[in-house]
> 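Next up is a structure, given as structure tokens.
The basis for the numbers below is simple: all heavy atoms, side chains too, and nothing from hydrogens, waters or symmetry mates.
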Amino acid sequence: VLLGLAGLGSIVGGDSDKSTSTASENVVPLDNTVSAATESNTTAPEAPVSDWTVTTEQDELRGKQVQYAAVTSENEHHFDFPYAGGSRLTMTVRQHPKYGNDVVFQISDGQFVCGIDDCSGSINYGSGPERISLVEPADHDSKTLFATNGGGVIKKLKGADKVIVE
């Protein structure tokens, strides 16, 4: 599954307390190029094009912001019955005041099936495939897996132009 990653460094590398908007106001699709004119009629450099969507929610218990940056695969995988049709992978980077930084993988149709002792996949940040260890979520949602080393994945994502996940 191929994921576009332009602009991730500015999303996950920024200050997590900068946003104060509510969840309904803060969906920011980053797939358009942005430019601004200055007083001298010159154009500012264009911001990088990105397919990431950034959202922010308020953690009412802690009084702090929870930030998400998500990107959905450019391609689809077609499963056999009963999941006929295309399925896409969404990778979400989450900054949470209680849980810290996580990388979450979700599929639109189908299920992740993990072994008794092991759940892993492959990820390529541009320099060859690497093994990635994954764990099921606490609610056992079969469409969701968490990277066991979210911080390490985020660090590598910041330097990647594209990522392939299998």
> Count I, L, V, M, F, W, Y as connected when their side-chain heavy atoms are under 4.5 Å apart, and connections chain through other members. Are M91 and F146 then in the same cluster?
no
> Do L89 and F105 pass the side chain to side chain contact (heavy atoms under 4.5 Å, CB included) test, and can you show the C-alpha distance, the side-chain angles, and the key distance before you say yes or no?
CA-CA 7 Å; L89 179 76; F105 297 95; 4.0 Å; yes
> Before you tell me yes or no, could you show the steps for Q65 and Q58 under side chain to side chain contact (heavy atoms under 4.5 Å, CB included), namely the whole-Å CA-CA distance, both residues' side-chain angles and the distance that decides it to 0.1 Å?
CA-CA 5 Å; Q65 300 289 319; Q58 181 71 21; 2.5 Å; yes
> First locate atom CG of L134, then atom CG of N149, and finally report the distance between them rounded to the nearest 0.5 Å.
11.0 Å
> Can you tell me how far apart NZ (K156) and OG (S127) are? Round to the nearest 0.5 Å.
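K156 NZ to S127 OG: 7.5 Å, rounded to 0.5 Å.
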> Output yes when a side-chain donor or acceptor of R88 lies under 3.5 Å from a complementary backbone atom of S73, and no otherwise.
yes
> Could you pull out all residues at least two apart from E136 that satisfy side-chain hydrogen bond (donor to acceptor under 3.5 Å, both in side chains)?
none
> Using the rule given for side chain to side chain contact (heavy atoms under 4.5 Å, CB included), can you reason through H96 versus Q67, listing the C-alpha separation, both sets of side-chain angles and the distance that settles it, and then say yes or no?
CA-CA 7 Å; H96 194 285; Q67 294 186 332; over 6 Å; no
> If the plane angle is over 60° it's perpendicular, under 30° parallel, otherwise tilted; pick one for H77 and F79.
perpendicular
> How far apart are the C-alpha atoms of V66 and K98, what are their side-chain angles, what is the distance that settles it, and do they pass the side chain to side chain contact (heavy atoms under 4.5 Å, CB included) test?
CA-CA 9 Å; V66 180; K98 179 178 179 182; over 6 Å; no
> What is the distance from atom CD of E130 to atom OG of S120, rounded to the nearest 0.5 Å?
13.0 Å
> Which atom pair, heavy atoms only, marks the closest approach of C114 to L145?
SG-CD2, 3.8 Å
> Which heavy atom of S108 sits nearest a heavy atom of G86, and at what distance?
OG-O, 4.2 Å
> Please answer: with hydrophobic residues joined when any side-chain heavy atoms are less than 4.5 Å apart, are V153 and V104 in the same cluster?
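No, it is not one cluster - the side chains of V153 and V104 are not joined through contacts under 4.5 Å.
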> Hey, any chance Y125 and V103 share a hydrophobic cluster, counting ILVMFWY side chains that come within less than 4.5 Å of each other, even indirectly?
yes
> Among all residues two or more places apart in sequence or in another chain, which pass the salt bridge (charged side-chain N to carboxylate O under 4.0 Å, His left out) test with D59?
R62
> Side chains of P129 and I164, heavy atoms from C-beta outward: is any pair under 4.5 Å?
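They are not in side-chain contact.
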> Are any of the side-chain heavy atoms of I123 and V163 separated by less than 4.5 Å?
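A side-chain contact under 4.5 Å exists here.
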> State, yes or no, whether a side-chain contact exists between W52 and V93 at a heavy-atom distance under 4.5 Å.
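A side-chain contact under 4.5 Å exists here.
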> Would you mind checking if E74 and K162 are paired as a salt bridge, meaning a charged N to carboxylate O distance below 4.0 Å?
no
> Can you see which heavy atom on T144 is nearest to which on F112, and at what distance?
N-CD1, 3.7 Å
> Can you tell me how far apart OG1 (T72) and CD (Q106) are? Round to the nearest 0.5 Å.
9.5 Å
> The criterion is side chain to side chain contact (heavy atoms under 4.5 Å, CB included); which residues satisfy it with S133, sequence neighbours excluded?
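With neighbours one apart ignored, the set is R131, T148.
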> Side chains of Q95 and D102, heavy atoms from C-beta outward: is any pair under 4.5 Å?
no
> So, for A70 and T90, which heavy atoms are closest and what is the spacing to 0.1 Å?
CB-CG2, 4.1 Å
> Rounded to the nearest 0.5 Å, what's the gap from OG on S87 to NE2 on H78? Could you check?
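Going from the OG atom of S87 to the NE2 atom of H78 covers 9.5 Å.
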